[in-house]
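The structure appears below as structure tokens.
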Amino acid sequence: MNYKALSFDLRRDCVDIIMAGGGGHIGGDMSVLDIMATLYLRKMNISPENINDPDRDRFVLSKGHAMEAYYAILAYKGFLDLDDIKANFSKYGSKYIGHPNNKLPGIEMNSGSLGHGLPVCVGMALAGKMDNRPYRVYTIMGDGELAEGSVWEGAMSASHYKLDNLCAIVDRNRLQISGNTEDVMHHDSQQERWASFGWNVITVDGHDYDALSAAFDSAAATKGRPTVIIAETTKGYGSSVMENKAPWHHKVPTQEEYAQIMADFVARKEEALHE
Amino acid sequence: MNKIPNRQAICDVLMEKAKDDRDIVVLCSDSRGSASLAPFAAEYPAQFVEVGIAEQDLVGIAAGLAACGKKAFVASPACFLSTRSYEQAKVDCAYSDTNVKLIGISGGISYGALGMSHHSAQDIAAMSAIPNMRVYLPSDRHQTKKLVEALLQDEKCAYIRVGRNPVADIYEEENCPFELNKATVLCEGTDVAIIACGEMVKPALDAAELLKEKGITATVLDMYCIKPIDQDAIIRAAENARAVLTVEEHAPFGGLGSMVSQILAEHCPKKVKNLTLPDAPVVTGTSAQVFAHYHLDAEGIAAAAEAIL
């Protein structure tokens with residue numbers, strides 16, 4: 001499977017969902033997509049067939065606003081129907097809202113307010129330890145999200161309880177709604193901060209499927225402490241129209257921009273197929 | 001006088017039930033002592049999670065445990081639990097629909113002299129405003145036991161507020177009528193209906209005795225279930241009375257009094273008086289002194305009842 005090539009089809013689905021619904025968080029969707037796709041398509045023991053299995057792996061999208069990328073992946077995995085999402089996303093009375101909702105199959109917890117995912121995942125990982133279950137627990141946070149104090153409360157308790165079945169991922173795209181993360185609130189050095197809280201820290205190219213996959217394997221092999229993967233990403237990844245541009249946090253493309261974005265995705269997919 | 005606080009009754013139930021139920025998990029925020037849960041932590045260390053002084057983490061972790069099949073009981077001072085972790089209560093518990101029971105200990109003005117930071121005179125309003133969150137203020141240790149036993153049977157979240165100090169028994173161990181989400185009618189009269197919750201139920205009952213001496217008969221409702229509130233019981237009590245008095249250890253807006261007034265305005269318009277704490281930091285003192293200061297004692301309740309008739 002050429003995941004890199006596939007990722008541009010998933011990005012197309014994601015942007016189509018945003019166009020259909022007239023809104024979304026396109027920049028963060030693009031930066032987080034490869035991390036989430038690696039988890040759902042290559043790593044996690046989760047599928048529509050085992051959603052009630054107590055041993056399934058758990059995932060919480062802490063940066064819940066990247067919901068359109070999540071929809072694209074859940075649809076690809078068969079949890080949801082892509083056409084139904086595109087027909088109804090954000091529409092009056094729709095079950096497809098702009099943040100995760102666990103009334104939908106495949107979604108474990110509701111999120112949207114930032115800084116919630118890590119403490120919740122600490123609880124899930126503790127339950128796994130208590131019941132001696134083999135599942136692993138994953139959460140993805142945005143880098144702007146790290147200003148929430150609850151993230152660091154969760155970081156403390158995960159390390160205190162030696163939760164090696166827990167893996168947090170930071171989507172380090174260095175942009176948030178107001179601009180550069182380092183201007184809004186200083187977050188470097190991520191590596192030093194997490195290490196000082198007792199975490200195993202892995203830094204990886206967040207758009208490299210093999211590197212991400214290896215990082216998740218390394219996390220699973222690390223015993224006695226939780227792992228954080230600092231995934232260095234590009235906000236708006238996939239199209240020059242939006243890459244590294246803060247206003248694309250939640251911009252909806254015009255028809256011209258949409259055409260260019262789709263053309264860029266096709267070209268990048270071609271590149272990936274010939275790599 | 002009973003010396004067992006309601007928080008102790010909660011620990012007793014959880015200790016008993018945890019013998020056969022490994023899914024019961026208790027979480028504290030450096031609060032096991034004040035929650036009377038140290039014996040549980042000692043007896044069931046594998047089912048006890050210490051989170052430290054981190055209330056957001058406390059409730060988030062509880063929700064994660066619950067999402068994986070655990071019956072999570074969080075015990076933390078009501079003043080912090082109902083404010084510092086309010087968003088976790090809203091999103092991780094109520095919105096995500098997880099089986100987390102939030103136990104606000106030392107509620108209301110239990111920490112009398114410690115100041116407003118340690119008072120939770122807003123918790124009924126705050127918690128009741130969250131969709132899918134239930135709110136309970138049991139009145140004595142026997143009812144607290146029945147309530148916790150009942151809540152162990154369901155998988156929904158709830159907020160339970162108990163006070164710090166032992167309170168006089170209203171019920172007896174072998175005679176504690178209890179139906180979940182139904183108010184308990186303690187006595188019936190035709191002049192005034194007194195609707196109270198939590199620690200205010202006992203003085204309300206005592207006030208009914210004082211009123212009887214003056215020839216005034218009162219219905220007293222123990223409305224331990226604030227949400228879902230027992231609307232039928234409120235309407236029934238009001239229909240049989242000339243006026244209604246509500247009594248609560250809570251700020252004036254958004255608590256029991258507000259809810260009763262709202263219901264009666266629509267279904268049974270009647271003269272209603274709300275006895276509450278003030279919309280201000282309360283006077284310094286022990287619980288008893290603070291209650292007396294704001295006429296939230298038997299004499300004050302009786303006088304208020306007389307005044308509205």
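Throughout, a chain's letter reflects where its sequence line sits, starting with A, and its residues are numbered from 1.
The stretch residues 78-90 of chain B places B/Glu87, B/Gln88 near chain A, each with some heavy atom under 4.5 Å from a heavy atom of that chain. Residues of residues 40-59 of chain B having a heavy atom under 4.5 Å from any heavy atom of chain A, listed by number: B/Ala46, B/Val49, B/Glu50, B/Ala54, B/Glu55, B/Gln56, B/Asp57. Interface residues of residues 115-146 of chain A toward chain B, defined by a heavy-atom distance below 4.5 Å and sorted by number: A/His116, A/Pro119, A/Val120, A/Val122, A/Gly123, A/Met124, A/Leu126, A/Ala127, A/Met130, A/Asp131, A/Tyr135. Residues of residues 100-136 of chain B never come within less than 4.5 angstrom of chain A, heavy atom to heavy atom.
Within a 6.0 Å sphere centred on NZ of A/Lys95, other residues, nucleotides and ligands contribute 12 heavy atoms or fewer. Residue-environment remark: NZ (A/Lys43) exceeds the threshold of 12 foreign heavy atoms within 6.0 Å. Within 6.0 Å of CD in B/Gln262 there are 12 or fewer heavy atoms belonging to other residues, nucleotides or ligands. Counting non-hydrogen atoms of neighbouring residues, nucleotides and ligands closer than 6.0 angstrom, the CD atom of B/Glu155 reaches no more than 12 such neighbours.
The CD1 atom of A/Ile107 lies 10.5 Å from the OG atom of B/Ser96; values are rounded to the nearest 0.5 Å. Remark: B/Cys68 SG to A/Arg56 CZ distance equals 7.0 Å, nearest 0.5 Å.
Taking each heavy atom of B/Ile61 and A/Ser157 in turn, the nearest pair found is CD1-OG, 3.7 Å.
Using a 4.5 Å heavy-atom threshold, the side chains of A/Asn101 and B/Tyr95 count as touching.
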